[in-house]
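Computed from a prediction, not measured in an experiment: that's the story for all the values here.
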Amino acid sequence: MVKISVLQHAPSTHLPARPGDPTPTQRNLDPLMHPFARARERTRALNAAKMERMFAKPFVAALEGHVDAVEVLKRRPDSVTNVVSASWDGDIILHDLARRTHVSKVTSAHKGKISGLCWADENRVLSCGVDRNVKMWDMRPSSQVDESMVAGPSEQKPLNVFPGKSVFNSIDHHRSDPLFATASNIVQIWDETKSAPIMNLSFPTSTETITGVKFNLSESSVLASIGSDRTFTLYDIRTGKAERRIIMQMRSNSLSWSPTAPTSILLASEDHNLYTFDIRALDTPSQIYKAHVAAVMSCDWSPTGLEFVSGGWDRTVRIWKEGQGTHPEVYHTKRMQRVLATAFSADARFVLSGSDDGNVRVWKANASEKLGVITARERAAIEYRESLKDRWKMDSQVGKVSRSRHIPKPVYKAGELKRTMLEAQRVKEERRRKHTRSGESKPKAERKKIVVAEQS
Amino acid sequence: MDRLIAKADAIRPLQKKRSKGPPPHKKPKTEHTTHDPVVNSIASHTALPKSLRASSPLPEGTKTYSHIANKKLRSELNRQSAHAARSKALLKDAELLLNEDAGKMEVEGEMDRTWRVGQAEIAKQVGVEAAKGRREMVLDGGPYRSRYTRNGRHMAIVGRNGHVATFDWQTGTMHSELQLQETCRDITFLQDHSHYAVAQKKYVFIYDRDGVELHRLKSHIEPTRLEFLPYHWLLVSIGNPGYLKYQDTSTGQLVIEHRTKLGACNTMTQNQHNAVIHLGHQNGTVTLWTPNLPHPAVQLLAHMGPVSSVSVDPSTGGRYMATAGEDGIVKVWDCRNWKGAVREWAARGGTAELDWSQRGFLGVASGGTVNVYSKPSIHTPFAAPAQPPLYLTHPIPHRPLSSVRFCPYQDILTIGHSSGLSTILVPGAGEPNFDSAEADPFENSKARREREVKALLDKIQPDMITLNPEFVGSMAPPSKLTPGEEIPFARLPRFQRLQVQGKADETELLSDAEAGEGDEEAGEGKKVDREEREKRKMRGKGKSLKRYLRKQRKNVIDPKAVAIREKLTKEREARQKARDAEKGASQEPKSAALDRFKRPS
């Protein structure tokens, strides 16, 4: 006797019970049922990488209003949309990013260019310029300001004026106290209520011009400055002393404290690189960021502390991941000139750049991000594509698509030239090592070459 | 600032060496962690919420990377391995979803044989609905060939004299019926039942579901056999001129044509798991082709005389191939090792037609019968040319039998012959649990359209076809830098640079070496290995200073090194002993009578 059964698929389990119901699906995870699963996944990953490049339209808007180069950009504390900018013609404009309008504007705030700007609180802005004054402004739109305070929108009066002795290069406000620091040939600490500086800070034997100054965000009495003598200096305003300083190969143009790692600071250097330093170990930078092909003029951290943006003399804006020293996202347009100021928006989704051509441009921080409402299915698809790209990033084709960027020809050529020169230097160095006694020693690490001297 | 630095010591810089000693202002650790308000305030916000933490303990054998110094990398690798282990464990649970059982024929008595059961008895026992699979189609213009779609729902038949029909065989809906009135040699569906290709007298023609001629592929001349590679969207044809042609059906391009140089060919099949085309030739050779090789990837002399049929086993991932020749022999080959057939036997009645079902049943149609063989016996090597135990047999009086085809996801075998087609029931031949994402017999038109679009997006490029489909995403082969060439330090790969600096993580290499040690025969091989290693080591090895230093090192007696060396030798001896014991105690020398006078050594 033989037991016989034949395979039968019951239609009742595989067809929708009622018309309009979704058709039931069935899974069998046996790998033999899924031939070429890996090759197909790779194809999907490649498509995902290509789609990301297709959707990469980072430019959002250009905010007009300035007639000369924009050198400073500062986002307003406790606001996602408001950003204040100042230019070389002496104007200060408070922009609304969402509406792309001016909230308020101060014309001819300073004679000559405005070199520094910072928020004293939600409404007041401190500005400094080459006319040797620090001025405090109320940036509320004129309808909200008392009539007695203001004469008219055209000739706004500053709330306060702090006269100085020399040209100011930078200004920064204390996180909590009514204090601010200015950078001229020395660092000065001012009280908002007093018209003369309360403290003068400088490293002994220093005769340089200080070009930038920033308070630490966490330990708010710590102050960092950069100077024209290729220096980076740390001060403590409680002791009133310069604590330590380093001298580097080239001078820095901009500095920014990390918002999440309090001991980490970012320097934008004249030698085309950016450096992060851990201030506990100033002899070597913790990371070198190399991609710009001209001096880096400005830098700013994302509020998350995972990314930062830099703008360069090479007319590009670059967005870097913290700890990843190459292959930044690069933004450029035909009409954008030297980028002198960059800022991240408070929600970390947008990046602002102020350039020589007098425009403030708004970019997406993630170039291929879709703005607007995203449905759950779309979100799921986007996340799946992201994970595919991450899993297959080592594949040569997928990696190439997601890595490669189109950059303007002058930038490309400059990069090529730079590569050639560095390669020639490297070869020469290698040959020298090979044929001299010093060849026995290992080559000096790139990171050890940055800092020339450490003083304290 | 000192406070800042002290506070930040919870996260020390990674690059800084620990040996440098603690910074001067570091407070005792316990006080630091318990009373630091900053850390306490952050902890509640930065910890992973309970709902997202993995509740179950990690499965056994999860790999940990405790030897990696970089914390970030270590935690990332640990996270990945935990995720992989968890999903592997979950795969087992997914088997619970496979709720349909395969068909089967089981004997109860010892003397019973499954092949004694005829079709009439099977049809009687399995019930009316399942018995519908057994049918006879009497048609003129034979011999007929047939083909199923990948989901087994639709069927296409073609008669030698030009009768072509496609239909849904379950509901009996006819899609198209054509009388082409010229010789037709083969038919195949394209991605699904909406298109099919017919190998006609001079060219290949593509028709849509309703039988409207869409394309005449003039580059395919006198085709004899057709195959469609569904994941690559390639229509493959071979013909009397002996050219193997790949046509991309999504772009319309003729991707490549290979001159086989082996004359007219009328035997072709595909390996579903690596999309390699198997051809059987007139001189008895079987060749395996991929688009990116101008010559066959494998060529073997399978038969004395022309090859009549080739088939590849889908149930083992394309590991076995069966061939039948005009010499009346059926052979089963192992595709990983071509040295001789695994099994061969003489089919009764000469030339045979072969097909392998999804679950590994081999159908052989020869003479006037169809024989079906089941799985373990046809794969087991057997020296004598004897027929493997028969699973099922069915006589068909209409000679010649021109094709056999198993229906996917059904226990049905279709045989084409001179007076039409007959389908028989083969219990256990079809895969019971289909995957809706791959092939669904019950899909509606919307699902079909969606699948078509998705399949187009996932189309694999033709040059990705190789014998081993798993090469995608595997490690790249080691670079072919010549060892004699001096590579500057800055140009070395990172790992070698670390090795030179003495910072490389050698633990994995060591563990690999230990695993491989068991195979190594003697110390001789190991010594060579070390020499080679030294030879391959960095430049500057032969410099006088280095040489001098090495010599110095030889003479230094470091107690630590000595202890380690002793320990290693002890371990090696123990291993050797264990190995000897494994080999058998018989190897121990017999104690001789004079052994008692031996001096204790």
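Contacts between residues 118-126 of chain B and chain A, counted as heavy-atom pairs separated by less than 4.5 Å, involve B/Ile122, B/Gln125, B/Val126. Proximity to chain B at a heavy-atom threshold of 4.5 Å picks out A/Trp392 from residues 390-400 of chain A, in numerical order.
Looking at B/Pro432, both its backbone and its side chain come within 4.5 Å of chain A, counting heavy atoms on both sides. Within the 4.5 angstrom heavy-atom criterion, atoms from both the backbone and the side chain of B/Phe434 approach chain A. When heavy atoms are compared at a cutoff of 4.5 Å, B/Glu431 approaches chain A by way of both its backbone and its side chain. For B/Asp112, the part lying under 4.5 angstrom from a heavy atom of chain A is the side chain only. With a 4.5 Å cut-off on non-hydrogen atoms, B/Lys446 does not touch chain A at all. Contact of B/Val117 with chain A is made through the side chain alone, with heavy-atom distances under 4.5 Å. Contacts between A/Pro11 and chain B at a heavy-atom distance below 4.5 Å involve backbone atoms as well as side-chain atoms. With a 4.5 angstrom heavy-atom cutoff, A/Thr23 touches chain B only via side-chain atoms. With a threshold of 4.5 angstrom between heavy atoms, B/Gln272 approaches chain A through N, CA, C or O but not through any side-chain atom. Neither the backbone nor the side chain of B/Ala429 comes within contact range of chain A; no heavy atoms are under 4.5 Å apart. For B/Glu100, the part lying under 4.5 angstrom from a heavy atom of chain A is the side chain only. At a 4.5 Å heavy-atom cutoff, the contact between B/Glu129 and chain A is made by backbone and side-chain atoms alike. With a threshold of 4.5 angstrom between heavy atoms, B/Glu470 approaches chain A through its backbone and through its side chain. Only the backbone of B/Ala102 comes within contact range of chain A, judged by heavy atoms closer than 4.5 Å. For a residue to count as touching a neighbouring chain, one of its non-hydrogen atoms must lie under 4.5 Å from one of that chain's; by this rule B/Pro314 touches chain A with the backbone only. When heavy atoms are compared at a cutoff of 4.5 Å, A/Leu15 approaches chain B solely by way of its side chain, counted from C-beta outward.
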Verdict with reasoning, A/Thr263 to A/Phe277, per side chain to side chain contact (heavy atoms under 4.5 Å, CB included): CA-CA 8 Å; A/Thr263 57; A/Phe277 278 94; over 6 Å; no
Candidate pair A/Leu223 and A/Val187, rule side chain to side chain contact (heavy atoms under 4.5 Å, CB included), full reasoning: CA-CA 10 Å; A/Leu223 188 63; A/Val187 175; 3.7 Å; yes
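When each of A/Gln8, A/Glu429, A/His9, A/His34 is checked for heavy-atom pairs under 4.5 Å with chain B, A/His9 comes out on top. Looking only at heavy-atom pairs under 4.5 Å with chain A, the residue among B/Gly473, B/Ala94, B/Pro469 that has the most is B/Gly473. The residue among B/Lys104, B/Glu108, B/Met464 with the most heavy atom pairs within less than 4.5 Å of chain A is B/Lys104. Most heavy-atom pairs under 4.5 Å with chain A, from the set B/Val426, B/Asn99, B/Asn274: that is B/Asn274. Across B/Pro441, B/Gly109, B/Ala130, the residue that shares the most heavy-atom pairs under 4.5 angstrom with chain A is B/Ala130. No other option in B/Ala275, B/Ala439, B/Ala131, B/Gly428 has as many heavy-atom pairs under 4.5 Å with chain A as B/Ala275.
Formation of a donor-acceptor pair under 3.5 Å by the B/Arg153 side chain with backbone atoms of B/Arg150 is not found in this model. Side-chain atoms of B/Asp435 come within 3.5 Å of backbone atoms of A/Asn28 as a donor-acceptor pair (strictly under, hydrogens ignored). Not a single donor-acceptor pair under 3.5 Å links the side chain of A/Ser258 to the backbone N or O of A/Pro262.
Using a 4.0 Å cut-off between charged side-chain N and carboxylate O, A/Glu430 and A/Arg433 make no salt bridge. Salt-bridge formation is detected for the pair B/Glu443/B/Arg451: a Lys NZ or Arg NE/NH1/NH2 atom is positioned less than 4.0 Å from an Asp or Glu carboxylate oxygen. For the pair A/Asp172 and A/Lys214, the salt-bridge criterion is not met [side-chain N within less than 4.0 Å of a carboxylate O].
In this structure, a donor-acceptor pair under 3.5 Å is absent between the side chains of A/Thr326 and A/Lys290. For A/Thr284 and A/Arg447, the side-chain atoms include no donor-acceptor pair closer than 3.5 Å. Side-chain contact of A/Thr276 with A/Ser264: a donor-acceptor pair under 3.5 Å is absent, judged by distance alone. Checked by atom type, the side-chain pair B/Ser315/B/Asp313 shows a donor-acceptor distance below 3.5 Å.
In this structure, A/Tyr275 has its ring center no closer than 6.0 Å to that of A/Tyr289. Between B/His273 and A/Phe36, the gap from one ring centroid to the other reaches at least 6.0 Å.
The salt bridge (charged side-chain N to carboxylate O under 4.0 Å, His left out) test with B/Asp458 is passed by exactly one of A/Arg40, A/Arg42, A/Arg44, A/Arg38: A/Arg44.
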